[in-house]
Protein chains: 2
Amino acid sequence: MDNLDDVFVPHAYDEQAIDLGEVRLNHVVVGADQNPALLLIPGQTESWWGFERAIELLAPRFQVFAVDLRGQGRSTRTPGRYSLNTLGNDLARFIALAIGRPVVVSGNSSGGVLAAWLSAYAMPGQVRGVHCEDAPFFASETNPRYGHSIRQSAGPIFELMSRHIGDQWSIGDWKGLQAARAKDAHPANRWLSQAVEPQQNLKEYDPEWGRAFLQGSMTANCAHDRMLAQVRTPMLFTHHMRAIDPVSGALIGAISDFQVSKVQELVTAAGQPFELVQAPDAAHSMHATDPERFTAILSRWAEALP
Amino acid sequence: MDNLDDVFVPHAYDEQAIDLGEVRLNHVVVGADQNPALLLIPGQTESWWGFERAIELLAPRFQVFAVDLRGQGRSTRTPGRYSLNTLGNDLARFIALAIGRPVVVSGNSSGGVLAAWLSAYAMPGQVRGVHCEDAPFFASETNPRYGHSIRQSAGPIFELMSRHIGDQWSIGDWKGLQAARAKDAHPANRWLSQAVEPQQNLKEYDPEWGRAFLQGSMTANCAHDRMLAQVRTPMLFTHHMRAIDPVSGALIGAISDFQVSKVQELVTAAGQPFELVQAPDAAHSMHATDPERFTAILSRWAEALP
């Protein structure tokens, strides 16, 4: 942690930090302020620049704000304080203090869960609509109302990172991590074991995030069924590659079809329009792997919002 | 819950609600807006009007804002979402949207813990100083860094209320509560067993609050030692009646002398002025039982703030 400044690399857009009280939130602003405001929220282990190519495509249509969440990228580390409620309130403050007008939100993975959090719990009038890009509703909870839990989905990935890298990289045993991944039962861990060096985004990530999901503190006081029942804006959900492993029964992917059907039920029952885009051929981070497709889906939906 | 409107009674000042997004916060505003702003935060089981007599004394010097926290008084009930981080962010939003200028904060009991939360975690420049009136730092945690835990202090009171009254008064067995209190080992429960009818403030209180303290969800992701180490304003602490029961070892009162010494250490180490006023003869809610003394202590300290 002491030499985190050595970790970062330059990017195509100017980064800046805003003091939100507890944290300084690193972010970029790209595009003309006459355009509609769009907030992009990265997923776990991702920094704002995971959206770098998408931003280039989105900037002609939107004023794009892309952030590093607390504990990721250049934003503040907050040991013991990673939760949807603290992260969500960071974003509510960011909208109030940095954006200053109603915004469309698009978040990937955990960032998509936070997009729903903003729809349910942000300050009045802050959010126009939320795009949840392959967001792990229920599947990132320790004790979900519906379907697979974190232990039955991405938990094994975070467990090994937490054990071998440690909170705030306090262990940092990359070789030990890769050896453990190579022997692990979870296919994603075996696939991840091939990297010789830590990826740039991982170097910028506080593994306490993953531990907080595993142990349930990330979702404490924020049950997903309750949150989705309080959504107050339209929601677009894009559902990407997923499968159920026939041997372990585990969910390989972010969220199951059953769980998406429950998201749809809850948001619809809350009186909000829900649009589901099926993209079973898309990677989890479509915004990074296929930014053209991501931009087309998001722009079409966002431009039809009231 | 359905007939909660029948519960409320009129008060000396006009109540109003503000929409903060997730909750509507009931509050009163008393005093001229040329005066310094003062935010009063009630303790657990208390509504804003516990400060009614104090407000009369404070209003010539301050513009007083007194609130009902979520789950108390006329503010919104939020099952599953009672925590220092959600309650604290309600207050940060309230300061931003209703007060709109830097404020002095005085909170009693749990409200005093929230005053410290605001000092540590509110938006930049919102808080000038915080008065923690007999606040249970550490002693309201399930696993505190220092000294007595909730189970060794007020926990037995909340346990019986939760069991016999239930979340959102879903059980409501007052006679059963009083019978259980009369037989309980905790002296406060025996003392409380004398009331024939529920007090007005208790009727306005959601007992899920107490359960959240007992089970640790109220303080999840908000360790008190960490919070106090991040305080960013001066703090006044008034320490009221307390004793250690020689038989059970339990803390009778809000916070022990040892724990207050640790509050002082942490706030001082954070570089902030800390003033301790010893009031071992005062009741826990000095603002209600002796509003003149409360007003004198608070006003002298607040008027010396930069």
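Chain A is the first sequence line, chain B the second, and so forth, proteins listed ahead of strands; every chain is numbered from 1.
In the displayed structure, A:Arg151 atom CZ is contacted under 6.0 Å by at most 12 heavy atoms of other residues, nucleotides or ligands.
Summarising the geometry, atom CD belonging to A:Glu22 is positioned 12.5 Å from atom CE belonging to B:Met123; distances are rounded to the nearest 0.5 Å.
The most heavy-atom pairs under 4.5 Å with chain B, out of A:Met218, A:Gln230, A:Arg232, come from A:Arg232. Of the listed residues (A:Ser83, A:Ala122, A:Ala220), the greatest number of heavy-atom pairs within a distance under 4.5 Å of chain B belongs to A:Ala122. Each of A:Val23, A:Asn89, A:Thr78 has some count of heavy-atom pairs under 4.5 Å with chain B, and the biggest count is that of A:Asn89. Taking A:Thr86, A:Leu97, A:Asp19 one by one and counting their heavy-atom pairs under 4.5 Å with chain B, the maximum is reached by A:Asp19.
Distance alone, capped at 3.5 Å, places no donor-acceptor pair between the B:Arg81 side chain and the A:Asn85 backbone. One N or O on the side chain of B:Arg226 and one on the backbone of A:Pro79 form a donor-acceptor pair closer than 3.5 Å.
Heavy atoms closer than 4.5 Å to chain A are found in the side chain of B:Ala92, but not in its backbone.
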